[in-house]
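First the structure, in the form of C-alpha cells, and then the observations on it.
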There are 2 protein chains.
Amino acid sequence: MKQPKARARRTREDIRERLLEAALLEFGAKGFQGASTRAIAKRVGAHQPQINYHFDSKESLWIAAVDHLFAHLTRAMQGLELLQKLDTSSGVNELAFAFADMIRRFVRFAAEHPQLNQIMVHEATSESGRLAWMTERHVRPLYDRVRPLWRRLRKAGIAAPIDDRLLHYVLVGAASTIYVNAPEARLLTGIEPTTTRWVKIHAEGLVSTLLPNLPRETK
Amino acid sequence: MKQPKARARRTREDIRERLLEAALLEFGAKGFQGASTRAIAKRVGAHQPQINYHFDSKESLWIAAVDHLFAHLTRAMQGLELLQKLDTSSGVNELAFAFADMIRRFVRFAAEHPQLNQIMVHEATSESGRLAWMTERHVRPLYDRVRPLWRRLRKAGIAAPIDDRLLHYVLVGAASTIYVNAPEARLLTGIEPTTTRWVKIHAEGLVSTLLPNLPRETK
DNA sequence: GTCTATAATTAGATAGAC
DNA sequence: GTCTATCTAATTATAGAC
C-alpha cells in the first residue's frame with residue numbers, strides 16, 4: 001500500500017516486535033505487576049517512554065504481547081483443525097493419533113515458549129480484567145474444541161479416566177509446569193528440561209499415560 | 001514457662017497468625033511483588049506498620065508464611081513417613097496403595113490450600129533468593145523422598161511410564177493447576193472445582209491414570 | 001521517533017506519640 | 001502494641017526539545 005517510507009515502516013515494526021518479545025520474557029518471569037516497563041525497554045536498548053509511544057500503556061503492551069504469543073501457539077497447533085475434521089468424519093483411531101500428535105506439539109511449544117503458560121498462571125491466580133479477557137478470547141476456543149474430542153476418546157476406551165472438564169487443567173499442568181517452573185526444576189533435578197531429549201521423553205510419557213490404549217500406528 | 005502475660009501472649013500470637021493467613025492469600029493471588037503489605041494488614045483490620053513490627057520486613061513475612069504453610073502440608077502428608085518405611089521393608093503392593101493415598105491427600109491439600117502451589121509458581125518463574133531458599137528447604141525433601149518410590153513402582157509395572165525426575169512436575173501440575181488457576185477454571189468450565197465431589201473425581205482420575213496397574217485393594 | 005526531565009502515584013520502612 | 005505522619009525509593013505516564 002504505502003510505497004514510500006518502506007525503510008521507516010520496517011524499523012517501526014522491528015522495534016515493536018522486539019518490545020513484544022522482551023515484554024513476554026518480563027511478564028512471564030515476573031508477572032504483570034512485577035514486570036517494569038523500564039526493564040522491558042532496557043532489554044532491547046530502548047528507553048522507557050518508547051513503550052508509551054509504541055503502545056498506549058503497560059496494559060496495552062501486555063494485551064499485544066499475549067495476542068502475539070497465542071497467534072504463535074495457533075500456528076504451532078495447526079493440527080487442531082485437522083482434529084475437528086476427524087471428529088465428525090473419520091474413525092476414532094485417526095482421532096487418537098491426531099490427539100497424540102497434539103499433545104506432543106503442545107509439550108514442545110510449552111518448552112520453547114514457557115512465557116505463555118507462565119503468563120497464564122500469573123494472571124489466573126486472581127480475578128482481573130486481564131484474566132477475563134484472556135480466558136474468553138484465547139483459552140475458551142481451545143477448551144471448547146478439545147473437550148468433545150476427549151469425550152469421544154474416553155467412550156472408545158482409548159483415553160485415561162479423567163473427566164473432560166478437568167482434562168484441560170490436567171493436561172496443561174502435566175505438560176507445562178516443568179517449563180513454567182524451569183528455574184526451580186534446574187535447581188531441583190539438575191537436568192535441563194528444555195533439551196529436545198527431555199522434551200521428547202516428557203511428551204511420549206504423557207501420550208502413553210493419557211492415551212494408554214492408543215492403537216499401534218499402522219500407516 | 002512464662003506464667004504472667006498469658007493473655008498478652010495469646011493476643012500477640014493471634015495477630016501474628018492472622019497476618020500469616022492474610023499474607024498467604026495475598027502472596028498466592030498476586031505474587032511477592034504484586035502483594036502489598038497495606039492490603040495484607042487491611043485484611044485483618046491492622047495497619048501497615050504492624051507488619052514491620054511483628055515481622056521485620058515484607059520478605060521475613062513471606063518466609064514465615066511459607067514455613068507456616070509447608071508445616072501444614074507436612075501434617076497433611078504424614079503418610080509420607082509411612083511410605084518411607086514401606087520402601088525398605090514391605091511389599092510393592094502396600095507401597096502402591098500408600099502412594100495412591102498420597103496422591104489423594106495431595107490433591108485434597110491443593111484444593112484446600114491453593115496458596116501453596118500459587119506461591120510456588122509465582123516464585124519459580126524466575127531465579128531469586130526466595131526461590132532457592134524455598135526449593136532447598138521445602139521442595140527438595142519431598143522430591144527426594146518420592147523419587148525412589150516412583151522408580152520402584154515403575155519397575156513393578158504399576159506406575160505409568162513417566163521418568164522419575166519428570167514425575168514431580170507432572171504430578172504437581174496435574175494435581176494443582178486447576179486449583180492454582182481456580183479463578184480461571186470457574187470462568188472456563190462453569191464448575192466449582194474445589195467442592196468435595198469434584199476433588200474426589202479429580203483425585204481418583206489421577207490415581208487411575210498414574211497408577212494404571214494398581215492392584216485391587218484387598219484388605 | 002527518540003531522548004531528557006519530571007509529574008503523579010504508590011510502595012516498604014521508620015519515628016515518635018500514646 | 002498500636003496508630004499517625006512521614007521518609008525514601010521506584011513506578012507509569014506525560015511534556016517538550018531535538
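Given the structure is predicted, the values throughout are model-derived calculations rather than measurements. Chain letters run A, B, ... following the sequence lines, proteins first and then strands; every chain starts at 1.
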Side-chain (B:Q118) to main-chain (B:V180) donor-acceptor, under 3.5 angstrom: yes
Salt bridge (charged side-chain N to carboxylate O under 4.0 Å, His left out) pairs, two or more places apart, involving residues 185-196 of chain B: B:R186-B:E192
Partner set under side chain to side chain contact (heavy atoms under 4.5 Å, CB included) for B:L211, not counting sequence neighbours: B:F99, B:A100, B:I103, B:W150, B:L153, B:I158, B:A159, B:L214
Main-chain N/O of A:A35 paired with A:K58 side-chain donor or acceptor, under 3.5 Å: yes
A:R105 side-chain N/O to A:A76 backbone N/O, donor-acceptor pair under 3.5 Å: yes
Residue pair A:H72, A:F109: steps toward the ring-ring contact (aromatic ring centres under 6.0 Å, His included) verdict: CA-CA 9 Å; A:H72 200 153; A:F109 188 87; 5.6 Å; yes
Under 3.5 Å side-chain donor-acceptor pair for B:Y179 and B:E112: no
Any side-chain donor near an acceptor of the partner, A:H138 and A:D67, under 3.5 Å: yes
Nucleic acid contacts of residues 118-133 of chain A, taken as heavy-atom distances under 4.0 Å to DNA chain C: none
Check: A:T194 and A:I178 side chains under 4.5 Å, non-hydrogen atoms: no
Whole-Å gap separating C1' (C:dT2) and CD1 (A:I15): 10 Å
Between P of C:dG12 and CH2 of B:W62, the distance in whole Å: 16 Å
Those residues of residues 43-55 of chain A lying under 4.0 Å from DNA chain D by at least one heavy atom: A:Q48, A:P49, A:N52
Five-pair end axes of the helix from C:dG1-D:dC18 to C:dC18-D:dG1 and the angle they enclose, rounded to 10°: 10°
A:R140 side-chain N/O to B:L188 backbone N/O, donor-acceptor pair under 3.5 Å: yes
Option passing side chain to side chain contact (heavy atoms under 4.5 Å, CB included) with A:V121 (candidates B:N181, B:N117, B:T177, B:T125): B:N181
Smallest separation among heavy atoms of B:I15 and B:A46, with atom names: CD1-CB, 4.4 Å
Those residues of residues 24-42 of chain B lying under 4.0 Å from DNA chain C by at least one heavy atom: B:A35, B:S36, B:T37, B:R38
Side-chain donor-acceptor contact under 3.5 Å, B:Q33 with B:H122: no
